[in-house]
**Student:** 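Questions regarding the structure given below will be posed in turn.
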Amino acid sequence: MNIKITGSNGYIGQLIVAELKKKGHTVSGIKRNLLYGTSPDLQEALRNSDVLINLAGAPILQRWTTDNKEIIYNSRVVTTRNLVKAIIELPESERPGKVVSASAIGIYKSGFTHTEESNNFDEGFVGDVVKDWEHELTALPNSIKTIIFRLGVVFGKEAKTIKNMLLPFKLGLGGKIGSGEQPFPFIHEKDVVDAFLWATEKLQKNEIFNLTAPENISNKEFTNSLAQQLNRPAFFTIPPFALKLVYGKAATLLTQSPEVSSKKLLDSGFKFKYPTIRATLQNIISKA
Ligand SMILES: NC(=O)c1ccc[n+]([C@@H]2O[C@H](COP(=O)([O-])OP(=O)(O)OC[C@H]3O[C@@H](n4cnc5c(N)ncnc54)[C@H](OP(=O)(O)O)[C@@H]3O)[C@@H](O)[C@H]2O)c1
């Protein structure tokens, strides 16, 4: 297939591009400036492609200043709006037949467990960004199949989350965040890549899937599992106020989280290679 991808230079983008190429697909990234430019240029990039994979999005874990919020919002919502507009303006026979897009579990309200049917959405900044991001895709005609993956925290050897945590944990300075009771929906990068490839190659219906490992754990359980894997203690507690000093309001990304069910993905026949935190960390740490 001829596949176009936004966010192709990012962490997940690079992994997906490599796997698609390994499987013999023709893949090319859509340059960031095209996503904000005029529709004809973007149309040329999309013309006669089979699938568009949409991963563009500026990092969300940064201080939510007015400028940063605009960048975070526009990099998902405006870029997706422009992609959809460019697709619709193409003659029907030259449009991609499918769009597979990233989304995030941050769409859901913290403190509750959610299936894809939940519309108990987060009412803060993240919820607004993710709701609007997904909403832009609803303008696509039904002839274009749209698959949306609501991702949890992605773990892998090159994931920033793990890289940032390894040193303190290796020094025995790791610890849970606050009470540690908050859910910690995670997913191994290999399962993310497999899910995107599965959707790209096989799925023929409009679908929304939570993309998190089937095992539901808390931040405390994650902390203990990582410490155990590294054979180090993790006695500490990172106080929420310290994270607030660093990230401001964005600290809520670390101190609160929804719990998410991936049962729909399992019921649809998707097989996770790393369904538990133990299997996930075992694989990553042994490679680190
Ligand atoms: N990693 C996770 O744990 C996680 C969890 C939930 C959701 N997600 C979502 O999955 C997608 C991919 O995540 P990732 O971890 O691969 O992120 P990443 O490494 O930060 O890469 C995201 C890509 O977005 C593009 N981008 C950055 N700033 C942009 C801007 N201002 N305007 C337009 N495009 C911009 C860049 O693509 P180019 O340089 O190629 O243009 C970048 O490579 C993101 O949309 C993210 O929100 C990720």
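Just follow the structure's listing: the first ligand is 1, and inside any ligand the first atom is 1. Only this structure's heavy atoms are used, side chains among them; waters, hydrogens and symmetry mates stay out. Predicted, not measured: the structure shown is a model, and the values here were computed from it.
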**Student:** Of all the non-hydrogen atoms in the protein, which one sits nearest to atom 3 (O) of ligand 1, and at what distance?
**Tutor:**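 Looking at atom 3 (O) of ligand 1, the protein heavy atom closest to it is Val154 N, 2.9 Å.
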**Student:** On a heavy-atom basis, I'd like to know which of Ser101, Ser75, Gly7 is closest to atom 31 (N) of ligand 1.
**Tutor:**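 When every heavy atom of Ser101, Ser75, Gly7 is considered, Ser75 comes closest to atom 31 (N) of ligand 1.
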**Student:** Between Lys85 and Glu89 (salt bridge meaning N to carboxylate O under 4.0 Å), is one present in this structure?
**Tutor:**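 Yes.
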**Student:** Can you find a pair of side-chain heavy atoms, one from Phe236 and one from Pro168, that are under 4.5 Å apart?
**Tutor:**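 Side chain of Phe236 against side chain of Pro168, heavy atoms only: no contact under 4.5 Å found.
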**Student:** Flag atom 17 (O) of ligand 1 as yes if some protein heavy-atom distance to it falls below 4.0 Å, otherwise no.
**Tutor:**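 Within 4.0 Å of atom 17 (O) of ligand 1, no protein heavy atoms are found.
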**Student:** Consider side chain to side chain donor-acceptor pair (under 3.5 Å). Of Glu117, Glu207, Glu116, which one does Lys264 pass it with?
**Tutor:**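 When Glu117, Glu207, Glu116 are each tested with Lys264, the side chain to side chain donor-acceptor pair (under 3.5 Å) holds only for Glu207.
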**Student:** Quick check on contacts: which atoms of ligand 1 are under 4.0 angstrom from a heavy atom of Trp133?
**Tutor:**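 Selected atoms, number and element: 45 (O), 47 (O).
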**Student:** For a quick test of reading the model, state the closest non-hydrogen atom pair linking Glu136 to Val84 and the distance between them.
**Tutor:**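 Nearest heavy atoms, Glu136 then Val84: O-CG2, 3.7 Å.
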**Student:** Touching ligand 1 at all, Arg76? Heavy atoms, strictly under 4.0 Å?
**Tutor:**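 Arg76 counts as a contact of ligand 1 under the 4.0 Å cut-off.
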**Student:** Report the C-alpha distance between Asn54 and Thr6 in whole Å, list the side-chain angles of each, state the deciding distance to 0.1 Å, and finish with yes or no for side-chain hydrogen bond (donor to acceptor under 3.5 Å, both in side chains).
**Tutor:** CA-CA 5 Å; Asn54 185 30; Thr6 71; 2.7 Å; yes
**Student:** Checking a contact table here: which protein heavy atom is nearest atom 32 (N) of ligand 1, and how many Å away?
**Tutor:**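 Going by distance alone, atom 32 (N) of ligand 1 is nearest to Tyr36 OH, 2.6 Å.
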**Student:** For Ile12 and ligand 1, does the shortest N/O to N/O distance drop below 3.5 Å?
**Tutor:**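 Yes, at least one N or O pair falls under 3.5 Å.
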**Student:** Over 60° means perpendicular and under 30° means parallel, so classify the ring planes of Phe149 and Phe196, tilted if in between.
**Tutor:**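 Phe196 and Phe149: tilted rings.
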**Student:** Give the contacting part of Tyr73 toward ligand 1: side chain, backbone, both or neither, where contact means a heavy-atom distance below 4.0 Å.
**Tutor:**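 It is neither part, as no heavy atom is under 4.0 Å.
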**Student:** Does any part of the side chain of Val100, heavy atoms only, come nearer than 4.5 Å to the side chain of Leu203, both counted from C-beta?
**Tutor:**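 No, too far: nothing below the 4.5 Å cut-off.
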**Student:** Under a 4.0 Å N-O cut-off, is there an ion pair linking Glu215 with Arg278?
**Tutor:**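 Not counted as a salt bridge, because no side-chain N and carboxylate O are separated by less than 4.0 Å.
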**Student:** Could you find the nearest protein heavy atom to atom 22 (C) of ligand 1 and give me its residue, atom name and distance?
**Tutor:**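 Checked against all protein heavy atoms, atom 22 (C) of ligand 1 sits closest to Gly57 O, 3.4 Å.
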**Student:** For atom 21 (O) of ligand 1, what is the closest protein heavy atom, and at what distance to 0.1 Å?
**Tutor:**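 In this structure, atom 21 (O) of ligand 1 has Gly10 CA, 3.3 Å as its nearest protein heavy atom.
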**Student:** Quick check: does Tyr11 get an N/O under 3.5 Å from an N/O on ligand 1?
**Tutor:**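 Right, the criterion is met.
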**Student:** Check for me whether Lys69 meets the cation-pi criterion with Phe125, that is, NZ or CZ under 6.0 Å from the six-membered ring centre and within 45 degrees of the ring axis.
**Tutor:**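 Yes, Lys69 lies over the aromatic ring of Phe125.
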**Student:** Within a distance under 4.0 Å of any heavy atom of Ala56, pick out the atoms of ligand 1 and give their elements.
**Tutor:**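 Selected atoms, number and element: 24 (O), 34 (N), 45 (O).
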**Student:** Does ligand 1 have an atom that lies less than 4.0 angstrom from a heavy atom of Phe186?
**Tutor:**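 Contact absent.
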**Student:** Specify the protein heavy atom at minimum distance from atom 45 (O) of ligand 1: its residue, its atom name, and the distance to 0.1 Å.
**Tutor:**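 Ranked first by proximity to atom 45 (O) of ligand 1 is Leu55 O, 3.0 Å.
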**Student:** Quick one: does Asn120's side chain have a donor or acceptor within less than 3.5 Å of a partner on Lys109's backbone?
**Tutor:**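 No; judged by distance alone, with no hydrogens or angles, the pair does not exist.
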**Student:** Any idea which protein heavy atom is nearest atom 10 (O) of ligand 1, and the distance to it?
**Tutor:**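 The closest heavy atom on the protein side is Ala102 CB, 3.7 Å.
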**Student:** Is the shortest heavy-atom distance from the side chain of Tyr11 to the side chain of Glu189 under 4.5 Å?
**Tutor:**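 The answer is yes, as the side chains (C-beta and beyond) meet within the 4.5 Å cut-off.
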**Student:** Would Asn206 and Asn142 count as a side-chain hydrogen bond (donor to acceptor under 3.5 Å, both in side chains) here? Give the steps.
**Tutor:** CA-CA 8 Å; Asn206 294 337; Asn142 201 40; 2.9 Å; yes
**Student:** With a cutoff of 4.0 Å, is Gly29 in contact with ligand 1, counting heavy atoms of the residue only?
**Tutor:**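 Checking ligand 1 against Gly29, which is what was asked, there is no heavy-atom contact under 4.0 Å.
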**Student:** Return the closest protein heavy atom for atom 5 (C) of ligand 1 as residue, atom name and distance.
**Tutor:**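 The closest one turns out to be Gly152 O, 3.2 Å.
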**Student:** Considering heavy atoms of the protein only, find what lies nearest to atom 35 (C) of ligand 1 and give residue, atom and distance to 0.1 Å.
**Tutor:**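 The answer is Arg32 NE, 3.6 Å.
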**Student:** Which ligand 1 atoms are under 4.0 Å away from a heavy-atom of Ile71?
**Tutor:**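 Within the 4.0 Å cut-off of Ile71, ligand 1 contributes 31 (N).
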**Student:** Can you tell me which portion of Ser103 lies within the under-4.0 Å heavy-atom range of ligand 1? Options are side chain, backbone, both, or neither.
**Tutor:**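 The part of Ser103 near ligand 1 is the backbone, not the side chain.
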**Student:** Atom CD1 of Ile238 and atom NZ of Lys176: how far apart are they, to the nearest 0.5 Å?
**Tutor:**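 Spacing of CD1 (Ile238) from NZ (Lys176) equals 9.5 Å.
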**Student:** Quick one: does Ala104 get an N or O within less than 3.5 Å of an N or O on ligand 1?
**Tutor:**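 No - when backbone and side-chain N and O of Ala104 are compared with those of ligand 1, no distance drops under 3.5 Å.
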